[in-house]
Amino acid sequence: MRRAAAGVLTLTAAAMAIGWAVGAGPLHAQENRVGGTWTIAINEEPDTLDPQKTGAAVAAQIFAFVGEPLLAKDFQSGIVPGLAESWTIGGDGREWTFRLRAGAVFHDGTPVTAAAVRASIVRALAPETKSPVAKAQLGPVVAVDALDDRTLRITLKEPFAPFMANLTDPRLSPISIKAAEAAGAGFGRAPVSEGPYTVKEWVSGHHITLARNPAFAWGPPYMHRGPAYLDQVTFRIIPDSATQVAAFESGEVSQIQIPPHDVTRLVDSKKYEVFHFLRKGVGLFLEFNTAREPFNDLRVRRAMNYAIDKDVLVKVALEGQGEPAYGPLPPSIWGYWPGIVDYAPHYDPAKAKRLFAEAGYVMGPDGLLEKAGRQLSFTVFMPPIDTWTRSAQLMQAGLRAFGVKMDIQTYEFGTLLEMLKRGEHPAELMGYTYNEPDILFVWFDSVNIGAGLNFSHYSDATLDGMIEAARRTMDTRKRAALYAGLQRYVVDKALWVPLWTNFNYIALQPTIKEARIHPDGYVFLGDAYLVKP
Amino acid sequence: MADPALVRRLLRSPSALAGAVLTGVFLATALLASWIAPYDPVAPAPDLVLQAPSWGHPFGTDELGRDVLSRVMYGSRISLEVGAVAVAIAMVAGTALGLIAGFNGGLWDALIMRGTDVLLAFPGILLAIAVVATLGPSLVNVMIAVGIGAVPVYARTVRGSTLSVRQMEYVEAARAAGATTGRLLGRHVLRNIVGPVVVLATLGVGINILIAAGLSYVGLGAQPPAPEWGAMLSGARQYLRDAWWTAVFPGLAITVAVVGMNLLGDGLRDALDPRLRV
Amino acid sequence: MIGYTLRRAGMTLLVLLAVSVLVFLMSHLTPGDPATIMLGENASRADVLRLRHELGLDRPLPVQYGRYLLNVLRGDLGRSIRSGRPVAGEIWERFPPTLQLTLAATAVAVAAGVLLGALAATSRNRAVEALLMSASLMGISMPSFWLGLLLILLFGLVLHWLPIAGGSGWRALVLPAVTLAAQAAAVLARLTRASLLEVLPSDYVRTARAKGVASRRVLFHHALRNALIPVVTVIGLQFGGLLGGAVIVESVFARSGLGRFAVGAIQARDFPLIQGIVVFAAAVYALVNLSVDVLYLALDPRISYD
C-alpha cells in the first residue's frame with residue numbers, strides 16, 4: 001500500500017514537473033516582454049516639462065509618456081476613453097460631464113479624484129500660470145465642478161468644437177496639485193502626473209529619462225491592461241541631425257526622425273523598421289506681415305504666390321520627400337478641402353509679372369522692380385533649419401529673376417518668435433505641426449496679434465467671424481464646410497505662400513515589437529516590448 | 001623702408017617666397033573673383049545637386065547645385081575683407097594706443113596697459129563671442145569683434161618700439177633742440193614701428209580669417225547664401241559621407257590662405273631683423 | 001617669491017574686476033529694456049515696473065554694478081532667461097565635459113608638441129626637421145573645424161575605427177581631443193625646438209657631455225628641463241585658446257558641453273547666461289595663467305621680476 005502511494009506521489013510529482021516545464025513556456029514568453037530601455041533622439045530640449053507652462057512641441061512628445069489625458073484618440077482617429085471612462089455632453093454642447101475611472105493614482109500616490117482633476121484644470125486656467133498652450137486648448141471654460149468623487153463637469157460659455165480633440169492632448173493630462181505646490185518652480189524639471197512613466201532624471205543638455213510606473217492600469221482601450229513593458233524610455237538630446245543618424249546606426253539610439261538625405265540609405269539597408277507618414281501640418285510657408293511695406297498690398301502678395309516654384313523646393317530642399325502645399329491645411333488634417341489644389345495659385349511666371357505690374361511696379365535699371373523710387377526688396381526672417389534654409393536660397397534665386405530681392409536673416413527660434421510678435425519683420429518662413437483644423441484660429445484670429453502667433457498681423461472681422469463660427473459648430477459636416485470656406489478666404493487674401501509639407505520618416509531599431517504609428521503622427525509604444533536582436 | 005637689402009633677404013628664403021606666392025594667389029583670386037569664377041556662386045542649379053568633382057566642376061557641386069570652385073573663389077573675397085578690416089581696426093586703434101602709452105608714459109601708460117591686460121584676460125574666441133553677443137550675429141560684427149581682440153598685441157608692440165625710440169640719444173638731442181612732438185613722432189617713431197606692425201598685420205590677417213571662419217561655422221557670422229568658407233564647412237557636415245568635396249575644398253582654401261600669410265609674415269619678420277629668428 | 005605671487009594675484013583680481021565691469025555693461029549696451037524682454041511685449045506696465053524694481057534696474061548704474069559684483073562674489077550669476085534656472089548651476093552642470101576635453105587636449109598637445117619639437121631640434125636629418133616644421137605650420141594654419149571634419153571622414157567613415165556620434169567613453173574623446181590639441185601642439189613644437197636649440201650648445205650641457213654623461217641623459221636631464229621653462233608659460237596661454245577652441249570642436253563633434261551651450265545662449269540672446277559664461281571662462285583662464293606664472297618662477301629662480 002505504501003509503495004503504491006509512493007508511486008502515485010512520484011508520478012504526480014513527475015506530472016507536475018512536466019506540466020510546469022511545458023506550461024511555463026508561454027508564461028515565460030509573456031514575462032520576457034518586460035524590460036529594456038528605448039532611446040529616442042530629439043532635436044532640442046524642452047523649455048519645461050510642466051505641461052501647463054510649456055510652449056514647446058517636444059514637451060508634448062515627452063509628456064505623452066508621462067501623463068494620461070481624460071480622453072484618447074484611437075487608431076481610426078475616433079475619440080475613446082482615457083482617464084474618463086465615459087462622458088456626456090449637454091446644454092447645447094456647453095456642458096461636459098466626465099465619469100473618471102476608479103483606482104487611478106498620481107505618481108506620488110495621491111488618488112485621481114474629480115476634485116484633484118478640477119484643481120489641475122483650475123491651475124491651467126489661472127492667470128499666474130501664464131499657460132501658452134494648455135489654457136488656449138481648454139477654450140471658453142466658465143466653470144469646473146467636482147460633482148462627486150469620480151464625476152467632473154466642465155461648463156463652457158459657448159459650444160467649442162475642438163474641445164474633445166484638445167482633451168486628448170498630453171498637455172491637458174491632469175497633474176498632481178499637491179506635488180506642484182510642494183515642488184514650486186522645480187515642478188517643471190520633475191512633473192508628477194498619472195501616466196505609464198514617471199520622470200526619473202533630467203540631465204540638462206544631455207538626456208531625459210523616464211521610468212515605468214508599475215501602478216499604471218488605466219490606459220486607453222487600444223492598449224493592453226496594465227503597466228508598460230519597457231523599463232525606461234530615454235530622450236537623448238542631439239541637436240545635430242548628422243550625429244543623430246550616426247548614433248542610430250551605431251546602436252546608441254533606438255529611434256530617430258531621419259533627415260531627408262539619409263532616408264534612401266537607411267531604407268535600402270533593410271536593417272531597420274522605417275515608418276513614414278505625411279506630416280500633420282504645413283511643413284513650410286512664407287508668411288507676410290500685412291502691416292508693413294511692401295506686403296500691405298494684396299496685389300503684391302498675390303503676385304508672390306504666382307512667382308514661386310514649389311516643385312523645385314520639394315525636389316531639391318526635400319530631396320523629393322514631400323509634396324507642395326497650396327493652402328493653410330495639409331491633406332493629413334481633418335477639415336482639409338481637397339479643392340484647394342485647383343483653387344489656389346500655381347507657379348505662373350507670366351501671371352506673376354502681370355500682377356507685379358498691376359501693383360505699380362516697373363523694372364528698374366539694375367534688374368529690380370521698383371515703384372515710386374523704392375525697390376521691391378525685403379528680408380525674410382527664419383530659424384536656421386536646414387531644409388528651410390535650402391528652400392529660402394532656392395526661392396531667393398527664383399524671385400531675383402522677377403526683379404524681387406529677398407535677403408535671408410536667421411534667428412534663434414525663441415528670439416525669432418518675440419520679433420515676429422512685435423511685427424518687426426516684412427515676411428517670415430514658418431512651419432507647424434498640429435492635429436486639428438483649429439490651428440487656423442491660432443494663425444489667423446485677430447485676438448492672436450501681438451501676444452499669440454498671428455504673425456501676419458492681419459485683422460479682418462469677416463475672417464474672425466468665420467473662425468468663430470467653425471469653432472462653435474458641433475455638426476461635423478457643417479464644420480467641414482466652414483473650414484473649406486476658411487481655406488478659400490485665406491488663399492484669397494494671400495496671407496501666406498504655402499510651400500510644402502514633408503514626409504516624416506521614423507526609423508526604429510529592429511529589436512522593438514508592437515510599435516505602431518498613431519494617426520496623430522507619433523510612435524505609440526504603450527504595447528511595445530524588446531526582443532533579442 | 002623698402003630697403004633693397006631687406007628685399008634681398010626676403011627673396012633668398014624659400015619659405016618666405018612660397019608665402020609670398022600663396023598670398024599673391026589669395027589676393028588675386030579675391031580681387032578678380034567676378035572675372036575668373038566660372039559660375040554664379042549663389043544661383044542654385046536644381047539638376048546639379050551634389051555632383052562629384054569633374055572637368056566641368058573641378059571642386060564638385062554643393063547641396064543646391066552650386067559650383068564649389070566658384071564659391072571658394074568668391075569666398076576668398078569675403079575672407080580677405082574680414083581679415084583686412086579686422087586688422088585695420090586693430091592696427092589703427094592699437095597703434096594709437098601704443099603711441100600714447102609709449103610717448104606720454106606715466107598714468108596714460110599704466111591705464112592703457114591695464115586696459116590691454118583686461119582684453120587679454122579673455123581667450124581669443126571668447127572675446128569675439130562676447131562682442132557678437134552684444135551686437136548681434138552678422139559678418140560686420142564679426143569683423144569688429146575680431147578687430148577688438150587683436151588690439152592688445154598692436155598696442156604692446158607699438159608701445160615697445162615707441163619706448164625704445166624715445167630713449168635713443170638722437171631723439172633726446174632733437175627734443176632738446178626744440179623739435180615738436182609731431183615731428184619726432186613722424187620722423188623717428190613711425191619709421192621704426194612700420195616694420196613690426198607690418199609683420200603683425202600679415203600674420204594677423206591669417207589668424208583673423210581663422211577666427212571669423214570659426215564664428216561663421218557656429219552660425220554667428222555670415223548669413224546664407226554668402227559663400228563664406230566657414231559657413232560652407234558648416235553646411236558640409238551632413239554630407240560628409242557621400243559628398244566629401246563640399247567639406248574638403250573650402251577648408252583647404254582657408255588653410256592655404258593662412259599658410260601663405262604665415263610664411264610671408266615669418267619671412268618679413270626674419271628679413272627685418274634676423275636676430276628675432278625663431 | 002611670495003611677494004611676486006601676491007602681487008600677481010592682486011593684478012589678476014584687478015583684471016577680473018575690470019572684466020566684470022565690461023561684462024556687466026554688455027547687457028546695458030544692447031537695445032531694449034531687459035525687463036520688457038524678459039516679460040514679453042504684452043506685459044502690463046505695472047508688471048514691467050515691478051520687475052525693474054525687483055531686478056534693481058531703476059537704481060543708478062554704479063549701484064546696479066555693485067549689486068551685480070556682490071552677487072557674483074557670492075556665486076549668484078542670475079537666472080537664465082530661457083530656462084529660469086540659476087546660471088551658476090547651468091554652467092556647473094555643463095562644465096565637466098568641456099573640462100574633460102580641454103584637459104585631454106592639453107595632455108595631447110604637451111606630449112605631442114614637446115616630443116615633436118625635441119625631435120626636430122635634435123634630428124640630424126634635414127628632411128625630418130623640414131617635415132616636422134611643415135606639420136607644425138599646418139597645425140597653426142588649419143581651421144580646427146576642418147581638421148575635425150577630415151578626421152571624422154578618415155577615422156569614422158572610411159576606416160570605421162572610432163565613433164563619430166557624441167557618445168561617451170574614452171574612444172569618443174580621441175578625435176575631439178586631437179582636433180583641439182593640433183594648434184597648441186604646433187605652437188609648442190616650435191617653441192620647444194627653438195628653446196632646445198638655444199640650450200643645447202650652452203656651457204653646462206657641453207660640460208655634462210665632457211664629463212662623459214651619455215648623450216640621451218644629457219638631453220633629458222639638462223637640456224629639456226631648462227628648455228621647458230618658456231614652454232610652461234605658453235601652456236598657460238594655450239589653455240585659453242583651448243577653452244575657446246572647445247566652442248568650435250564641441251560643435252563639430254556634437255558633444256554637449258559649455259562651448260556649445262554658450263553658442264546657444266548667444267543665439268537666444270540670453271544675457272544673464274552669456275555674461276555668466278564669459279565671467280566664468282575669464283576667471284578660469286586667469287587662474288590658470290596665475291598658476292603657470294608662479295610655477296614658472298618656481299622652476300627657474302634665476303629669473304626675477306620687478
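The chains referred to below are lettered A, B, ... by the order of the sequence lines, with proteins before strands, and numbering in each begins at 1. Nothing here was measured: the structure is a model prediction, and the numbers come from that model.
With a 4.5 angstrom heavy-atom cutoff, A:Thr389 touches chain B only via side-chain atoms. Within the 4.5 angstrom heavy-atom criterion, only side-chain atoms of A:Asp386, from C-beta onward, approach chain B. Heavy atoms closer than 4.5 Å to chain A are found nowhere in B:Leu240, neither backbone nor side chain.
Distance check: A:Asp240 CG to B:Arg237 CZ gives 4.0 Å after rounding to the nearest 0.5 Å. Residue B:Glu63 holds its CD atom at 9.5 Å from NE2 of A:His261, rounded to the nearest 0.5 Å. To the nearest 0.5 angstrom, A:Arg400 atom CZ is 10.0 Å from B:Asp40 atom CG.
Of all non-hydrogen atoms in B:Pro44 and A:Gln393, the two that sit nearest each other are CG-O, 3.8 Å. The two residues B:Pro46 and A:Lys315 make their nearest non-hydrogen contact at O-CE, 4.2 Å. When all heavy atoms of B:Gln223 and A:Ile408 are compared, the pair lying nearest together is CB-O, 3.8 Å.
Under the 4.5 Å side-chain criterion, counting only non-hydrogen atoms from C-beta, B:Gln238 is not in contact with A:Pro259.
The number of heavy-atom neighbours closer than 6.0 Å to CZ of A:Arg265, taken from other residues, nucleotides and ligands shown, is above 12.
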